[in-house]
Amino acid sequence: MKIATWNVNSIRTRQDIVKEWLAKNLVDVLCLQETKVIDADFPRSPFEELGYHLYISGQKAYNGVAIFSLNPMEDVSTGFAPIVGDLEAEEFESQKRVITGIMEGIRIVNLYVPNGGGLDSDKYHYKLGWLSILRKYLEVFRKKEQLEICICGDFNIALEDIDIYNPKGKENHIMSSPPEREALNKVLEIGFFDVFRKFTSEGGYYTWWDYRGGGFQRNRGWRIDTHYLTSNLYEKVVNSTIDKATRGLPKPSDHAPVILEL
DNA sequence: ATGGCGAATGCAATTCGA
């Protein structure tokens with residue numbers, strides 16, 4: 001089984017690229033972020049024609065997540081509220097960044113972590129608060145279900161310096177500041193492991209390259225899109241790769257898809 | 001340090017992303 005994650009930076013703009021990629025790769029599950037479209041306007045048919053079931057949670061202009069699955073998913077929900085309660089989730093429900101469902105006994109959680117703006121901005125604190133609720137959300141699943149969990153998506157955090165092309169001075173940079181790393185590490189302490197690092201320990205592998213300044217051509221990138229797995233699932237994974245070639249296509253997303261194989 | 005590029009909105013210029 002293959003589970004992929006891809007921040008597409010607008011599903012309407014990237015519709016053809018995603019369809020062609022899926023037709024070639026036919027992954028069992030594709031988790032998308034930054035779909036940037038309300039559910040009523042989501043381009044469903046190209047993907048349904050390939051045999052996928054679509055589970056979507058979008059909004060106007062920003063954010064938006066979706067899961068495409070070859071087999072139907074069970075117990076699909078969107079946002080934090082159905083899991084942690086309305087009161088805890090209240091502040092975070094207007095931005096569509098979370099969708100989950102069960103696929104072949106695996107709880108799959110697709111996330112678009114807030115960008116965070118500048119250090120110490122309102123958006124930065126929103127990001128840290130969001131990660132705190134995410135921890136509670138995942139703890140509920142761990143307690144009430146006996147399922148292995150795959151969380152994947154755009155985390156907007158590079159956990160280690162080797163995940164950044166030039167880590168020098170990046171402790172004061174969004175996506176690599178110590179409080180962000182600490183907040184994500186607290187989530188992972190529940191029992192999640194970075195599956196890409198099971199296979200690749202060296203640096204130089206990235207999933208996002210800035211559109212500006214020839215970031216991709218110079219391989220000035222960041223590894224911020226990942227799968228984190230509970231231990232039994234982690235042990236079963238046989239491969240984890242980044243499809244860097246998609247970033248070199250005409251009119252690409254600034255992120256490349258990441259694929260794991262069970 | 002700054003700005004650069006791209007998308008959405010909505011029709012020019014601004015907001016947002018990372």
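Proteins get letters first, then strands, A, B, ... in listed order; numbering begins at 1 in each.
Comparing the same atom, P, in B:dT15 and in B:dA1 gives a spacing of 23 Å after rounding to whole Å. To the nearest whole angstrom, the two C1' atoms, one in B:dG3 and one in B:dG17, are 15 Å apart. For the C1' atoms, the distance linking B:dT2 with B:dC11 amounts to 29 Å, nearest Å. Comparing the same atom, P, in B:dT14 and in B:dG10 gives a spacing of 15 Å after rounding to whole Å.
Nucleotide B:dC16 holds its C1' atom 12 Å from the CD atom of A:Gln59, rounded to whole Å. To the nearest angstrom, C1' of B:dT2 lies 12 Å from NE2 of A:His173. At whole-Å resolution of the value, OH in A:Tyr62 and C1' in B:dG17 are 9 Å apart. Whole-Å rounding puts the A:Gln95 CD to B:dA8 P distance at 18 Å. One can place CD of A:Glu34 at 9 Å from C1' of B:dC16, the figure rounded to the nearest angstrom. In this structure, A:Tyr124 atom OH and B:dG17 atom C1' are separated by 17 Å, rounded to whole Å. Distance A:Asn9 CG to B:dT15 P: 19 Å, rounded to the nearest Å. Atom pair A:Gln33:CD and B:dA7:P shows a separation of 17 Å (rounding to whole Å applied).
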* Asked: What does nucleotides 9-14 of chain B look like as a protein-contact string, B for base, S for sugar-phosphate only, - for none, at under 4.0 angstrom between heavy atoms?
  -> SS----
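A close approach under 4.0 Å does not occur between any side-chain nitrogen or oxygen of A:Ser10 and OP1 or OP2 of B:dG6. Residue A:Lys251 has no polar side-chain atom (N or O) positioned under 4.0 Å from OP1 or OP2 of B:dC5.
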* Carefully, step by step, assess A:Tyr52 and A:Phe47 under the rule ring pair (Phe, Tyr, Trp, His ring centres under 6.0 Å). => CA-CA 6 Å; A:Tyr52 284 94; A:Phe47 309 109; 8.0 Å; no
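Ion pairing of A:Arg181 with A:Asp161 is present here, as a side-chain N (NZ or NE/NH1/NH2) and a carboxylate O approach within less than 4.0 Å.
Sparse packing is recorded around CD of A:Glu90, with 12 or fewer heavy atoms of other residues, nucleotides or ligands lying under 6.0 Å away. Within a 6.0 Å sphere centred on OH of A:Tyr165, heavy atoms belonging to other residues, nucleotides or ligands number more than 12.
Partner of A:Arg97 under the side chain to side chain donor-acceptor pair (under 3.5 Å) criterion, out of A:Asn110, A:Thr78, A:Asn63: A:Asn63 alone.
Contacts of A:Phe155 with the nucleic acid, taken as non-hydrogen atoms under 4.0 Å apart, are absent. Using a 4.0 Å heavy-atom distance criterion, A:Asp154 is classed as a sugar-phosphate-only contact. Among the atoms of the strands shown, none is found under 4.0 Å from any heavy atom of A:Lys170.
Side chains of A:Asp243 and A:Trp21: a donor-acceptor N/O pair is present below 3.5 angstrom, by distance only. Under 3.5 Å, the side chains of A:Trp222 and A:Asp163 contain no donor-acceptor pair of N or O atoms.
To the nearest 0.5 Å, atom CG of residue A:Leu119 and atom CD of residue A:Glu171 are 10.0 Å apart.
Contacts between residues 206-227 of chain A and DNA chain B, counted as heavy-atom distances below 4.0 Å, involve A:Trp208, A:Tyr211, A:Arg212, A:Ile224.
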